[in-house]
Amino acid sequence: MIFVPNYDESEKIRQIHKYRSEDYALLRMTYTMIDKNNLDANGILRDLLSAYGIADYDLIGHGGENGVKHDALFIQKGKAESVRLKFYRVANARGDRRFSIQSLKKRMRAGEINVGDLLYFSVFQNQAGERQVYFINLTRNTPSQQELFEKIGIDATAGLFLSLKPKLREIIEGGYYDNSKGLGPIAPKDVGDTLESLLGIKANNRSGADCGGLIEVKSKGESKTLDTLFTLRPRFEGTEVSYYEPKDKKRVSAFTRLYGYESDAHPGCQSLYITIGSSEAPQNNQGFCLLVDEEDSKVKIIRQNPDTGRHEVVGFWEFDDLRERLYEKHPSTLWVKAESRVADGMGQFKYKEIEFSRSPQFSTFLSLIVSGDITYGWRGYTTKEGKYSGKNHGNAWRIKPDARAQLFGELEKVEY
């Protein structure tokens, strides 16, 4: 299942992500987990372990004797110690995925881990150059930021941003700067190009990020609420839509035709303008909601059939597709807002605000779907039959403005 942190736990996660961008997994401890030292290796944790070459449950045989052991770093307030983790599959037909933590009952008696505590698992590169799991308790005995990063360090992107901050402050304080391209009218990209020039970044056709291959530099227009994360159409294989419309590229229109309502603005058409949220906050009256299916590694669109009352899957996204799109659209970025003017034919810029955002955490993305802070907006209309004729207005994943700071591991305004 997806574990939703409370406010204090979310704030601790945010502090971690100021300096570390790796994915993570969460686990809320139950009495049975501690009593039997039999913890659920949920899908997010399994993906994390597999991605970093720690353990692949698909390759582990059934039975505890076939388990894989690894030393992890348990970082607490005032101390850190190496703790043996064992990843294994139960000797039953399903081969349930489980893991154990060395001396877990003893740690409960010592007040280090207790029922209801939320544990945070991630991976760092240790001094030997090896990938190693570390975990902390977000509910109690949480290490300070300083203690944590003395043990695991900061990642390359955070280090680069920290090195740039003094120069960025100087730029904000420095008044107007001439356009780096010289005389002539101001083009939209000039504000960013000039900042890159001031930072010593050579202008070229880069295939990677602008700054050190790690940080994009993007000019920012007038201040406005940015609530659209990205567009990504669902997949429909095995759903009613796929049986109705054999051509995949037409299935978005088919979805609107099948599940939309009579359009007032477009006679003879079906419209579907809705927001789809989690089952706890579906946010529409058409019977749609989102389900984060961790075991199947999918986010599913569920619809309650008005005729049968049954809940049916009518579309879905693979976790991998969502993760890739999220990271692609939101790399580590310097967002630049500047005043501009022209003096004697020379464009000039005064940098008033520079904000740094980091790649979001996919686990947080999923938890924000569950909490209702991230939703999917369906916006479009099409004809009721025959050739599809209408318009799609950009179905997109969107986030509540006050939840953006949770999604991004780092969202920091550079101030002087």
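The analysis underlying the following values was restricted to heavy atoms, covering all of them including side chains, and did not include hydrogens, waters or symmetry mates. By convention here, the first residue in the shown sequence is residue 1. This is a predicted model, so every value here is computed, not measured.
- Considering CZ of R98 and CD1 of I60, their distance stands at 13.0 Å, rounded to 0.5 Å.
- The pair D40-R97 does not meet the salt-bridge criterion, since no charged nitrogen lies less than 4.0 angstrom from a carboxylate oxygen.
- Side-chain atoms of Q361 and S363 form no donor-acceptor pair, as typed in the model, at a separation below 3.5 Å.
- Annotation: ring pair (Phe, Tyr, Trp, His ring centres under 6.0 Å) contacts involving residues 20-58, sequence neighbours excluded, comprise H17-Y24, Y24-Y120.
- Look at E262 and K384 and you find a salt bridge, because one of the NZ, NE, NH1 or NH2 atoms lies within 4.0 Å of a carboxylate O, short of that distance.
- The CZ atom of F362 sits 7.5 Å away from atom OH of Y327, with the distance rounded to the nearest 0.5 Å.
- In this structure, CG on L148 lies 9.5 Å from CD on E150, to the nearest 0.5 angstrom.
- N284 and Y273 form no side-chain donor-acceptor contact under 3.5 Å, judged by distance and modelled atom types alone.
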Determine, stepwise, if the pair I136 / I16 fulfils side chain to side chain contact (heavy atoms under 4.5 Å, CB included). CA-CA 11 Å; I136 65 175; I16 295 171; 3.4 Å; yes
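- In summary, R46 and E294 do not engage in a salt bridge, as defined by a charged side-chain N under 4.0 Å from a carboxylate O.
- Between F319 and D293, the closest side-chain pair of non-hydrogen atoms is not below 4.5 Å.
- Taking 4.5 Å as the limit, some side-chain heavy atom of K86 sits within range of a side-chain heavy atom of S100.
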Intermediate values then yes/no, side chain to side chain contact (heavy atoms under 4.5 Å, CB included), T32 and D35: CA-CA 5 Å; T32 300; D35 183 56; 5.7 Å; no
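- Within the 4.5 Å cutoff, the side chain of I171 has heavy atoms near those of the K167 side chain.
- For the atom pair CG of D8 and OG1 of T142, the computed distance is 9.5 Å after rounding to the nearest 0.5 Å.
- Counting heavy atoms from C-beta outward, Y134 and S122 have side chains that approach closer than 4.5 Å.
- Ion pairing between R107 and E81 holds under the 4.0 Å rule for side-chain N and carboxylate O.
- For the 3.5 Å distance criterion, the side chains of H393 and Y381 fail to qualify, holding no donor opposite an acceptor.
- Electrostatic pairing of E412 and K165 counts as a salt bridge here, judged by a charged N lying under 4.0 Å from a carboxylate O.
- At least one side-chain heavy atom of T139 sits less than 4.5 Å from a side-chain heavy atom of R28.
- One N or O on the side chain of D190 and one on the backbone of A187 form a donor-acceptor pair closer than 3.5 Å.
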Set out, in order, the CA-CA distance, both residues' side-chain angles and the distance that settles side chain to side chain donor-acceptor pair (under 3.5 Å) for E280 and S278, then state yes or no. CA-CA 5 Å; E280 290 78 8; S278 66; 3.3 Å; yes
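- Contact record, H62 with V90: CB-O, 3.8 Å, taken as the closest heavy-atom pair.
- In this structure, L168 CG and L199 CG are separated by 5.5 Å, a value rounded to the nearest 0.5 Å.
- No hydrogens or angles considered: nothing links the side chains of N141 and E112 as a donor-acceptor pair under 3.5 Å.
- Here the shortest heavy-atom pairing between T157 and F356 reads CG2-CZ, 4.1 Å.
- Nearest heavy atom pair, residue G315 against residue T239, reads N-CG2, 4.0 Å.
- Between N305 and D307 the shortest heavy-atom distance is OD1-N, 2.8 Å.
- Between K77 and E147 there is no salt bridge, since no side-chain nitrogen of the basic residue lies less than 4.0 Å from a carboxylate oxygen of the acidic one.
- When all heavy atoms of I54 and H70 are compared, the closest pair comes out as O-NE2, 2.8 Å.
- A distance-only check finds a donor-acceptor pair linking the side chain of N37 to the backbone of I101 [under 3.5 Å].
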Before you tell me yes or no, could you show the steps for N137 and R140 under side chain to side chain contact (heavy atoms under 4.5 Å, CB included), namely the whole-Å CA-CA distance, both residues' side-chain angles and the distance that decides it to 0.1 Å? CA-CA 6 Å; N137 190 334; R140 70 184 71 237; 3.3 Å; yes
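- Between E9 and K12, none of the side-chain N atoms (NZ, or NE/NH1/NH2) sits under 4.0 Å from a carboxylate O, so this pair counts as no salt bridge.
- Partner of F288 under the ring-ring contact (aromatic ring centres under 6.0 Å, His included) criterion, out of F255, W378, Y376: F255 alone.
- A donor-acceptor contact shorter than 3.5 Å links the side chain of T383 to the backbone of K387.
- With salt bridges taken as basic N to acidic carboxylate O contacts below 4.0 Å, none links R251 and E245.
- L119 is listed as a side-chain neighbour of I113, based on a closest heavy-atom distance under 4.5 Å.
- Under 3.5 Å, the side chains of Y176 and E339 contain a donor-acceptor pair of N or O atoms.
- Judged by distance alone, the side chain of T194 and the main-chain N or O of V191 form no donor-acceptor pair under 3.5 Å.
- A side-chain donor-acceptor contact under 3.5 Å links S371 and D373.
- Across all non-hydrogen atoms, the minimal contact from G277 to T375 is CA-CG2, 3.9 Å.
- Residues that satisfy the side-chain hydrogen bond (donor to acceptor under 3.5 Å, both in side chains) test with Y259, not counting sequence neighbours, are E240.
- The closest donor-acceptor contact from the side chain of W317 to the backbone of I301 lies at 3.5 Å or more, if one exists at all.
- Atom CG of N92 has more than 12 heavy atoms from other residues, nucleotides or ligands within 6.0 Å.
- Contact annotation: the side chain of K329 never approaches that of L229 to less than 4.5 Å [non-hydrogen atoms, C-beta and beyond].
- Note on R20 versus E22: salt bridge recorded, some NZ/NE/NH1/NH2 to OD/OE distance being below 4.0 Å.
- Atom CD of E324 is surrounded by 12 or fewer heavy atoms from other residues, nucleotides or ligands within 6.0 Å.
- The number of heavy atoms from other shown groups lying within 6.0 Å of CD (E237) is above 12.
- To the nearest 0.5 angstrom, L27 atom CG is 11.0 Å from L138 atom CG.
- Electrostatic pairing of R235 and D248 does not count as a salt bridge here, judged by no charged N lying under 4.0 Å from a carboxylate O.
- Crowding of Q127 atom CD: a count of heavy atoms from other residues, nucleotides or ligands under 6.0 Å not exceeding 12.
- The closest side-chain heavy-atom distance from V83 to D71 is not below 4.5 Å.
- No hydrogens or angles considered: nothing links the side chains of S197 and S180 as a donor-acceptor pair under 3.5 Å.
- Ionic pairing of R89 and D96 is not present here: no N-O contact between side-chain nitrogen and carboxylate oxygen is shorter than 4.0 angstrom.
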Would you sort out whether K298 and E318 count as a salt bridge (Lys or Arg N to Asp or Glu O under 4.0 Å), showing the intermediate values? CA-CA 5 Å; K298 292 182 176 69; E318 299 279 359; 3.7 Å; yes
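- Comment: K181 does not engage D193 in a salt bridge, judged by the lack of any side-chain N to carboxylate O separation of less than 4.0 angstrom.
- For K337 (side chain) and Y351 (main-chain N/O), no donor-acceptor pair under 3.5 Å exists by modelled atom type.
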Report the C-alpha separation of I13 and Q406 in whole Å, then their side-chain angles, then the decisive distance to 0.1 Å, and conclude whether the side chain to side chain contact (heavy atoms under 4.5 Å, CB included) test is met. CA-CA 8 Å; I13 292 173; Q406 297 180 53; over 6 Å; no
